[in-house]
Amino acid sequence: MDTMSCWNASTSDYSTMNGANGARSNKLPSSRYKGVVPQSNGRWGAQIYDKSHRVWLGTFNDEEEAAKTYNIALLKFRGLDAITHLSRSQMKPYGRDVTEALFLESHSKAEIIDMLRKHSYANELEMYKHKLHNGGALGLDDGGKRTKCYLDLMDTCSRERELLFEKVATPSDVGRLNRMVIPKQHAEKHFQVHLSVGFGKGVLLKFEDELGKVWRFGYCYWSSSQSYVLSKGWIRFVKEKKLKAGDIVMFQRSVGEDKKLFIECRPRKVDVSRIEEMHGRVAGPLATVQDDGVVRLFGVNIS
DNA sequence: CGATGTGTTGAG
DNA sequence: TCAACACATCGG
């Protein structure tokens with residue numbers, strides 16, 4: 001249920017007795033889920049607020065069904081940002097993928113609401129997927145051009161990436177040698193060019209940083225250290241990013257068709273033990289890597 | 001008639 | 001912005 005926003009159950013009052021006479025209270029039970037309201041007949045309503053205006057999303061037998069409905073409406077009303085902030089692993093259980101984003105984008109709010117109220121959203125989405133996958137003109141408008149929506153989505157998709165490995169920058173990595181050592185194990189696993197990287201001669205590897213800026217680094221085998229190095233162009237990256245020894249350099253690759261390489265860096269971990277003492281609690285990691293490689297910062301997918 | 005969804009309020 | 005609640009309106 002990770003895409004369902006769970007309402008604070010401690011605030012909902014499930015007491016069903018009136019203290020004095022022991023009679024059943026007619027008070028309805030609160031829902032655990034945001035956007036879900038009880039109905040007097042035991043069913044559940046779903047509603048979402050759109051700019052201080054309440055939009056009714058229909059009634060449902062299951063509280064969870066109402067919550068799912070609310071979440072779909074959330075995707076439509078709060079925009080695609082809501083989708084891209086979900087990691088792949090969160091989307092999978094709900095089949096939330098780029099196709100669903102495309103589906104949401106190609107229907108008006110009114111149409112989506114209508115489907116939700118009629119409980120036909122899942123069917124419509126399924127039909128839409130078939131249409132696309134059975135040779136339909138994927139993302140093509142009347143003139144045969146890619147629609148803006150399609151391009152936006154492909155762009156979003158191409159930004160999705162997995163972490164290949166991280167390296168803590170050594171003093172020599174950020175020094176005047178103009179090269180960064182890539183540990184052999186990672187180089188041979190992820191940069192599948194080592195066969196063509198002979199002694200002395202190398203290839204150029206192309207990376208993008210978090211701002212989309214392109215970086216090309218020479219890449220070759222460095223026999224003296226028995227490992228591979230990023231060389232030509234590396235020092236420019238060090239200078240521009242103000243990379244210091246101890247900082248962490250992350251190597252990523254897009255999971256989409258194009259398999260682009262990305263390079264990003266972040267400051268070495270600050271010592272938070274002092275802060276933890278002061279606050280009397282242990283803070284979670286600033287950044288973590290999930291088992292599917294999706295990078296999260298403050299609990300938000302920053303891929 | 002029961003079910004649905006709106007009017008309205010007040011808390012946060 | 002949001003859920004709680006009352007109740008008008010819908011529709012079989």
Side-chain angles (χ1 to χ4, degrees), chain A residues 1-87 89-91 93-96 100-101 103-128 149 152 156 275 278-284 296-302:
Chain A
M1 299 297 142
D2 45 9
T3 66
M4 278 190 212
S5 32
C6 217
W7 202 232
N8 184 357
S10 65
T11 61
S12 61
D13 183 6
Y14 271 81
S15 71
T16 52
M17 297 297 180
N18 287 333
N21 53 21
R24 269 219 174 274
S25 164
N26 50 18
K27 191 169 173 164
L28 295 169
S30 297
S31 173
R32 290 167 290 150
Y33 302 108
K34 188 172 177 181
V36 177
V37 290
Q39 297 294 95
S40 49
N41 56 2
R43 304 186 77 219
W44 299 90
Q47 59 186 20
I48 189 170
Y49 285 81
D50 184 29
K51 193 73 182 139
S52 76
H53 170 62
R54 179 178 52 190
V55 178
W56 189 253
L57 303 173
T59 52
F60 307 85
N61 288 323
D62 301 338
E63 195 179 355
E64 285 72 24
E65 197 59 31
K68 283 184 198 173
T69 299
Y70 170 83
N71 280 302
I72 293 163
L74 198 63
L75 295 180
K76 182 62 190 173
F77 280 75
R78 305 284 191 262
L80 283 178
D81 286 351
I83 290 179
T84 55
H85 287 162
L86 298 175
S87 72
S89 63
Q90 283 176 311
M91 290 162 84
Y94 296 91
R96 293 240 164 89
E100 181 164 4
F103 175 74
L104 285 166
E105 276 296 287
S106 58
H107 292 84
S108 67
K109 283 181 182 176
E111 287 172 320
I112 297 295
I113 293 164
D114 196 56
M115 294 177 207
L116 294 175
R117 286 170 76 145
K118 288 176 174 166
H119 302 194
S120 67
Y121 177 86
N123 287 338
E124 298 276 357
L125 175 59
E126 214 44 49
M127 289 180 57
Y128 184 86
C149 158
D152 286 349
T156 298
I275 302 171
M278 289 165 61
H279 289 251
R281 65 186 176 83
V282 175
R296 315 197 105 231
L297 181 62
F298 304 121
V300 175
N301 177 8
I302 57 167

Considering only heavy side-chain atoms of A:P38, the closest of C:dA3, B:dT4, C:dA4 is C:dA4

Can you tell me if the side-chain N/O atoms of A:K27 get under 4.0 Å from OP1 or OP2 in C:dA4?
no

Q) Does some side-chain heavy atom of A:V37 sit less than 4.5 Å from a side-chain heavy atom of A:Q47? A) yes

Worksheet item: Under 4.0 Å between a side-chain N or O of A:T59 and OP1 or OP2 of B:dT4?
Response: yes

Side-chain atoms of A:R54 come closest, of B:dT4, C:dA3, B:dG7, to B:dG7

From NE2 of A:H53 across to C1' of C:dC2 the rounded distance in Å is 15 Å

To the nearest angstrom, the NZ-P distance between A:K51 and C:dT1 comes to 6 Å

Considering only heavy side-chain atoms of A:S52, the closest of B:dA3, C:dC2, C:dT1 is C:dT1

Whole-Å distance, A:N61 CG to B:dA3 P, equals 11 Å

When rounded to whole Å, the CZ to P distance for the pair A:R43 and C:dC10 reads 19 Å

| field | Exceeds 12 heavy-atom contacts within 6.0 angstrom, atom NZ of A:K118 | value | no

A:D50 CG to B:dT6 P, in whole Å, measures 14 Å

Between CD of A:Q39 and P of B:dT6 the distance, given in whole Å, is 11 Å

**Message:** Test ring-ring contact (aromatic ring centres under 6.0 Å, His included) on A:F103 and A:H107; report intermediate values, then the result.
**Reply:** CA-CA 7 Å; A:F103 175 74; A:H107 292 84; 4.4 Å; yes

Students often get this wrong, so: under 4.0 angstrom with heavy atoms, is A:G58 touching a base, only sugar-phosphate, or nothing? sugar-phosphate

Test side chain to side chain contact (heavy atoms under 4.5 Å, CB included), reference A:I113, set A:T69, A:I72, A:V55, output is A:V55

inquiry  = Just so I know, are the side chains of A:W44 and A:N61 near enough to count as touching, which here means a heavy-atom distance under 4.5 Å?
reply    = no

Between A:S40 and A:Y49, the residue closer to the 5' end of DNA chain B by nearest nucleotide is A:S40

The nucleotide from B:dA3, C:dA4, B:dT6 with an atom nearest the side chain of A:W56 is B:dT6

Query raised in the report: Under 4.0 Å: is that the gap between some side-chain N or O of A:K34 and OP1 or OP2 of C:dC2?
Result: yes

Between CG of A:L28 and P of C:dA6 the distance, given in whole Å, is 8 Å

When rounded to whole Å, the CZ to P distance for the pair A:R32 and C:dA3 reads 15 Å

